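Quick caveat, the model's predicted, so the values are computed rather than measured.
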Amino acid sequence: MKNKHCITLLFLLGCGLFFSIIRRYRLLARPHKKDVKKVIFKEPVLFIHGYAGNRFSFGLMMRRFEEKGWGVKSAVVRVGVSGKITIIGDPAATGAMIQVLFDDNHASVVKQTQWLKKILQKLAQDFAIKKVDIIAHSMGAVSVLSYLTKYGNEKAMPLVAKLVTLGAPYNDTEPGKNSKVIEQSPLSSQGPLQPSAIYRKLKRWRHRISTQTLFLNIIGDIDNGKSDGTVSVSSARSLRYLLDKRVYSELIIKGKRATHRKLHENHEIDMKIKKFLVAR
């Protein structure tokens, strides 16, 4: 009889744990309804995941930021495979943090660029948002930069005041897609010696990036200046040659927590992002 009770108890505990995990998983892609009187983020902050990214990509970072009182995950933007934009929650809330999720998380930079335009248009038209900050990982950061080279100066669009990029492959042949060999991009004083097609395109239209946009380029280095295990340091550093040094800052993070997939789980990076976003 005791064994049966033990088995029943273990079963109930297991069920409780299972449903708790499911609930936490669902919450990673849902806005939170919180009445927050004091937060430190002044502009809505969009979080853009990279190639093959999902709710985990920035979900845990956003939860940490919320627990620290920096902002509130007040909205989730879902982009359907067809490009349909669905906004859940209030992206104009005080201290808003906005999670952007692409249902087609293997889409090209070209597609993502157009989706970002639609998102920002909707934020401007439906919520009267005039200025945003963005945190983007990997290929997501390349897509944001592509957006800025096309629409960064358009007055009808919200100004991207600050952009934080994590492990971005600016000079890779196919940004986002993992290859067996990490693409090294030797640099000269003028930029990459072998610029990729996407990099040449970004360079050609860089004059369209608003001069008011400030950049923090965070780069992972786990093997003495070579890469974060996925993106080469030289490819990530290529961004500096596209921007005026007055708007560009760079941070190289080293160690075990500097791998490509851990950049958005690194607490040192959390503090650097906070400092950058709140400085005015």
Side-chain angles (χ1 to χ4, degrees), residues 46-58 79-83 100-119 134-152 160 163-188 190-206 208-209 215 217-223 225-243 250 252-253 258-264:
L46 277 71
F47 293 74
I48 314 294
H49 65 70
Y51 186 84
N54 52 45
R55 67 186 68 195
F56 286 106
S57 299
F58 275 119
V79 183
V81 175
S82 66
V100 177
L101 297 171
F102 299 112
D103 285 349
D104 180 4
N105 59 3
H106 293 78
S108 67
V109 169
V110 173
K111 275 191 176 181
Q112 286 192 355
T113 299
Q114 293 305 311
W115 293 341
L116 287 170
K117 179 188 178 184
K118 290 174 68 175
I119 291 169
I134 296 178
I135 302 172
H137 180 244
S138 196
M139 190 185 102
V142 180
S143 296
V144 174
L145 189 65
S146 173
Y147 163 83
L148 291 175
T149 63
K150 288 179 176 289
Y151 311 108
V160 177
L163 171 60
V164 179
T165 65
L166 305 172
Y170 292 107
N171 194 41
D172 277 20
T173 304
E174 292 185 88
K177 293 186 178 181
N178 292 334
S179 58
K180 293 181 179 180
V181 179
I182 296 173
E183 293 186 59
Q184 297 295 332
S185 312
L187 302 172
S188 71
Q190 302 301 312
L193 293 175
Q194 297 176 322
S196 65
I198 184 72
Y199 187 85
R200 291 195 300 270
K201 188 175 181 180
L202 293 171
K203 184 175 182 179
R204 181 181 178 185
W205 301 111
R206 59 182 172 173
R208 294 179 179 173
I209 300 173
F215 295 79
N217 187 19
I218 299 177
I219 302 166
D221 175 10
I222 62 169
D223 48 11
K226 293 181 181 179
S227 75
D228 61 12
T230 300
V231 174
S232 69
V233 170
S234 54
S235 182
R237 294 190 83 179
S238 297
L239 176 63
R240 60 163 52 192
Y241 302 97
L242 299 176
L243 304 169
E250 183 179 289
I252 294 183
I253 300 292
T259 63
H260 191 69
R261 293 182 180 275
K262 290 184 179 180
L263 289 173
H264 41 57

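We find the OG-NZ distance between Ser143 and Lys111 to be 12.5 Å, quoted to the nearest 0.5 Å. Separating the OG atom in Ser238 from the CG atom in Asn171 is a distance of 4.5 Å, to the nearest 0.5 Å. Separating the CD1 atom in Ile134 from the CG atom in Leu163 is a distance of 6.0 Å, to the nearest 0.5 Å. Distance check: Tyr170 OH to Leu145 CG gives 5.5 Å after rounding to the nearest 0.5 Å. To the nearest 0.5 Å, atom CG of residue Leu166 and atom CD1 of residue Ile48 are 12.0 Å apart. Interatomic distance, CD1 of Ile218 versus CG of Asp228, reported as 12.5 Å (0.5 Å rounding).
Scanning for salt bridge (Lys or Arg N to Asp or Glu O under 4.0 Å) contacts around Asp103 gives Arg78, with sequence neighbours left out. Here Tyr151 pairs with Tyr147 under the ring-ring contact (aromatic ring centres under 6.0 Å, His included) rule; sequence neighbours left out. Residues that satisfy the ring-ring contact (aromatic ring centres under 6.0 Å, His included) test with His49, not counting sequence neighbours, are Phe102. Under the rule for a side chain to side chain donor-acceptor pair (under 3.5 Å), Gln194 has no partner lying at least two apart in sequence or in another chain. Here Phe47 pairs with Phe58 under the ring-ring contact (aromatic ring centres under 6.0 Å, His included) rule; sequence neighbours left out.
The side-chain contact (heavy atoms from CB on, under 4.5 Å) test with Thr165 singles out one residue from Asn217, Ile219, Val144, and that residue is Asn217.
Of the possible donor and acceptor atoms, one in the side chain of Ser234 sits under 3.5 Å from a partner among the backbone N and O of Ser185. Not one N or O on the side chain of Arg206 forms a donor-acceptor pair closer than 3.5 Å with the backbone of Lys201. Side-chain N or O atoms of Tyr51 include none that pairs as donor or acceptor with a backbone N or O of Pro175 at under 3.5 Å.
The minimum heavy-atom distance between Val79 and Gly83, with the atom names listed, is CG1-CA, 4.1 Å.
A donor-acceptor contact under 3.5 angstrom links the side chains of Ser138 and His260, judged on distance only.
Pairs passing the salt bridge (charged side-chain N to carboxylate O under 4.0 Å, His left out) check and including a residue from residues 230-243, sequence neighbours excluded, read Arg237-Glu250, Arg240-Glu250.
Looking at heavy atoms from C-beta onward, Lys117 lies out of side-chain contact with Lys150 at the 4.5 angstrom threshold. Counting heavy atoms from C-beta on, the side chains of Met139 and Glu174 never come closer than 4.5 Å.
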side-chain contact (heavy atoms from CB on, under 4.5 Å) evaluation trace for Asp104 with Trp115: CA-CA 11 Å; Asp104 180 4; Trp115 293 341; 4.1 Å; yes

